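Only one structure is covered here, and it is reproduced in the block below.
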Amino acid sequence: AAYYAGLVARLDQKQSPTNQFCGGLRVPYKLGRARLNDLVGARVVAIQQLTDGAYVVSAPTAAMAASDYQQVSTVRIVTLAEDVVREAARPYIGQASTTTMIAALQHDIEQALHKLLERGYLRSNSVVQLSASRAEQIIGRLNVALTLYPALELRHINVSVALALE
């Protein structure tokens with residue numbers, strides 16, 4: 001578990017631990033394909049020993065099967081986007097809440113998220129909606145709702161082979 005945590009920590013957020021080489025690690029047993037499939041299906045991080053070293057088979061989270069947050073890479077990209085939004089919004093804390101300021105904040109958030117798109121963390125432009133009820137405005141609260149399209153990891157490559165006579 002400690003090795004895997006260190007591996008994930010050193011990866012860029014858009015890079016999945018799936019199929020990452022585990023340098024210096026040797027798995028003392030060989031699991032068959034069926035057993036590895038069972039472990040992946042049970043949402044267990046499995047490491048497989050191949051001839052050239054050990055590799056992470058899959059990188060699931062503990063999220064429920066229907067969750068959007070099933071893969072570590074998705075969680076890390078969303079967390080990065082949240083951090084980027086907070087950093088873009090930081091200069092506006094303590095400012096007068098005017099329509100001009102809110103428009104400027106929305107623009108800055110959209111620009112910060114667009115940089116993530118350009119760097120490959122997102123697949124498409126994000127949707128940013130700022131809102132506050134009258135009661136929230138009185139206490140100085142503004143809500144930022146994001147719709148993100150994170151770059152999803154490639155998990156399977158299906159190969160089809162057809163035999164033909166010449």
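A quick note: this is a predicted structure, and the numbers were derived from the prediction, not measured.
Residue Thr74 comes nearest to Asp68 through the heavy atom pair CG2-O, 3.5 Å, listed as atom of the first residue, atom of the second, then distance. Closest approach of Thr18 and Ala59 over heavy atoms only: OG1-N, 3.3 Å. Residue Val8 comes nearest to Pro17 through the heavy atom pair CG2-CG, 3.6 Å, listed as atom of the first residue, atom of the second, then distance. Nearest heavy-atom pair, Leu11 versus Arg76, reported as atom, atom and distance to 0.1 Å: O-NH2, 3.0 Å. Considering all non-hydrogen atoms of both residues, Ile47 and Ala54 come closest at CG2-CB, 3.8 Å.
Note that the OH atom of Tyr69 and the OG1 atom of Thr79 stand 8.5 Å from one another [nearest 0.5 Å]. Taken from CG in Leu148 to CG in Leu117, the straight-line distance is 11.0 Å, to the nearest 0.5 Å. Distance CG/Leu130 to CE/Met101: 9.0 Å, rounded to 0.5 Å. To the nearest 0.5 Å, atom CG of residue Asp83 and atom CD of residue Gln13 are 8.5 Å apart. In this structure, CD in Gln106 is found 11.5 Å from CD in Gln111, a value given to the nearest 0.5 Å. Between the CD atom of Glu82 and the CG atom of Leu146 there is a distance of 8.0 Å, given to the nearest 0.5 Å.
If you chain together hydrophobic residues whose side chains sit under 4.5 Å apart, Leu116 and Tyr149 never meet in one group. Linking Ile, Leu, Val, Met, Phe, Trp and Tyr residues whenever their side-chain heavy atoms come within less than 4.5 Å places Tyr3 and Tyr29 in a single cluster. No single ILVMFWY cluster, assembled from side-chain heavy atoms under 4.5 Å apart, contains both Ile77 and Val56. Hydrophobic cluster membership differs between Val127 and Ile109, with clusters built from Ile, Leu, Val, Met, Phe, Trp and Tyr side chains linked at under 4.5 angstrom. Both Ile102 and Val85 are assigned to one and the same hydrophobic cluster, defined by single-linkage of ILVMFWY side chains at heavy-atom distances under 4.5 Å.
Salt-bridge annotation for Glu118 and Lys115: absent, with no side-chain N of the basic residue lying under 4.0 Å from a carboxylate O of the acidic one.
Side chains of Leu105 and Gln95 form no contact here, defined as non-hydrogen atoms less than 4.5 Å apart. A heavy-atom distance below 4.5 Å is not found between the side chains of Val72 and Ser16. Under the 4.5 Å side-chain criterion, counting only non-hydrogen atoms from C-beta, Asp108 is in contact with Tyr92. With contacts defined as side-chain heavy-atom distances shorter than 4.5 Å, the pair Asn37/Arg33 qualifies. Inter-residue side-chain proximity for Gln48 and Val27 is flagged as unmet; no heavy-atom pair is nearer than 4.5 Å. With a 4.5 Å cut-off on side-chain heavy atoms, Val40 and Pro60 do not count as touching.
Atom CZ of Arg43 has more than 12 neighbouring heavy atoms from other residues, nucleotides or ligands inside a 6.0 Å radius.
Listed for the Gln70 side chain is a donor-acceptor partner under 3.5 Å among the backbone atoms of Ala65.
With sequence neighbours excluded, the residues satisfying ring pair (Phe, Tyr, Trp, His ring centres under 6.0 Å) with Phe21 are Tyr55. Contacts of Arg119 classified as side chain to side chain donor-acceptor pair (under 3.5 Å), with partners at least two apart in sequence or in another chain: Tyr121.
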Practice prompt. Using the side chain to side chain contact (heavy atoms under 4.5 Å, CB included) rule, take Leu39 and Val57 through it: C-alpha gap first, then chi angles, then the decisive distance, then the call.
Written response: CA-CA 9 Å; Leu39 289 171; Val57 176; over 6 Å; no
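Sorted by first and then second residue, the side chain to side chain donor-acceptor pair (under 3.5 Å) pairs with a member in residues 122-132 read His114-Asn125; sequence neighbours excluded.
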